[in-house]
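Along the sequence shown, the residues carry numbers beginning at 1. When a ligand or atom number is given, it counts from 1 through the structure's own listing order. Quantities reported herein were computed from a predicted structural model and do not represent experimental measurements.
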Amino acid sequence: MKVVKAPFMRRFIRMAADSWEQGWHERNGGNLSYRIRHSEIEPLFDKLVLGVWRPCCVHVPMLAGEFFAITAAGSYFRNIPEDPERCVGIIQLDETGTAYRQCWGFAEGGCPTSELPTHLLNHQVRTLASGGIDRVLHHAHPVDINALTFALPLDSETFTRRLWATISECALVFPDGVGVLAWDVPGSVELALATADLMERTHAVVWAHHGILCAGATFDDAFGLMHTIEKAAAVQVRVLAMGDPRPDQRITDEDVNRLAQYYGLRLSIP
Ligand code: 2HA
Ligand code: ZN
């Protein structure tokens, strides 16, 4: 089987196409990674070409030996469906979780996204927090969640409560809330560490004036989470643009608690 025909690669490529269609990935904005199951990579072993070990810049011992599909540095989501071998690649971590090697893709001298430290640290955190269930990490630049970081105080409680209060679905889709971080240098280890700290308690972290990172068990989960957050953010942006004429006319904290009780949700704010 060709690597691009493997079911996980087809889902990876479809998610990239859908995210591009949403307008979340101008130019080379955003990145996507997937922690590959052993049963998924094993049939592809004869297609892998193992490169030299390079430092990860972070220490992720819980991910030792794991394989990841990940977008290439500088690649455009727009081009992933027609050129996956250049825009995406597969890497493997060494047995200490400090180095990686390229195994497939990254054609024409490419390498993994500049956000590799963020992806690895947050995969480690989500793998531990979810008992191994979470496998997808997606970073994108949706317009309205970014716009809200100019309008609301930059704290997780304000964002979480405001989004839960916007659309009934929100508390069901992200009962563990949304983390929020002030602006920091994209791709820096500092931003990766601060994000990982929040990701222990949530599946979504907003980076002010930049974008959002979402985690999920499946491509559908990660895509659906970002889609839901961005839709609620878009509603809020319109409400604020109308001057928020009826600030008391919304889903209240009490309503959200009733919803949680009805559906047996455990709500938390990261
Ligand atoms: O990959 O979005 O945050 C480009 C970025 C960096
Ligand atoms: Zn970004």
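Checked for salt-bridge contact, Arg250 and Asp244 meet the test: a charged N lies under 4.0 Å from a carboxylate O. Under 4.0 Å is where a charged nitrogen must lie from a carboxylate oxygen, and between Glu254 and Arg258 no such pair does.
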Please tabulate, one line per pair, the protein N or O atoms found under 3.5 Å from any N or O atom of ligand 1, giving the distance to one decimal.
| unit_1 | atom_1 | unit_2 | atom_2 | d |
| --- | --- | --- | --- | --- |
| ligand 1 | 1 (O) | Asn28 | O | 3.4 |
| ligand 1 | 1 (O) | Gly30 | O | 3.3 |
| ligand 1 | 1 (O) | Asn31 | ND2 | 2.9 |
| ligand 1 | 2 (O) | Gly30 | N | 2.9 |
| ligand 1 | 2 (O) | His139 | NE2 | 3.3 |
| ligand 1 | 2 (O) | His141 | NE2 | 3.0 |
| ligand 1 | 3 (O) | Glu115 | OE2 | 2.5 |
| ligand 1 | 3 (O) | His139 | NE2 | 3.3 |
| ligand 1 | 3 (O) | His210 | NE2 | 3.0 |

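A pairwise comparison of heavy atoms in Gln236 and Arg162 identifies OE1-NH1, 3.1 Å as the closest pair.
By the side chain to side chain donor-acceptor pair (under 3.5 Å) test, His59 is found to be paired with no residue, residues two or more places apart in sequence or in another chain being considered. Qualifying side chain to side chain donor-acceptor pair (under 3.5 Å) partners for Thr118, counting only residues two or more places apart in sequence or in other chains: Glu115.
Inspection of the Thr218 and Asp220 side chains reveals no N or O donor paired with an N or O acceptor under 3.5 Å. A side-chain donor from one of His119 and Asn31 sits under 3.5 Å from a side-chain acceptor of the other.
Within the 6.0 Å centre-distance limit, the rings of Tyr34 and Phe8 are counted as a close aromatic pair.
Using cut-offs of 30° and 60° on the angle between ring planes, the pair Trp207 and His210 is tilted.
Excluding water, every protein N/O/S atom under 2.8 Å from the Zn ion (ligand 2) is given here by residue and atom: His139 NE2, His141 NE2, His210 NE2.
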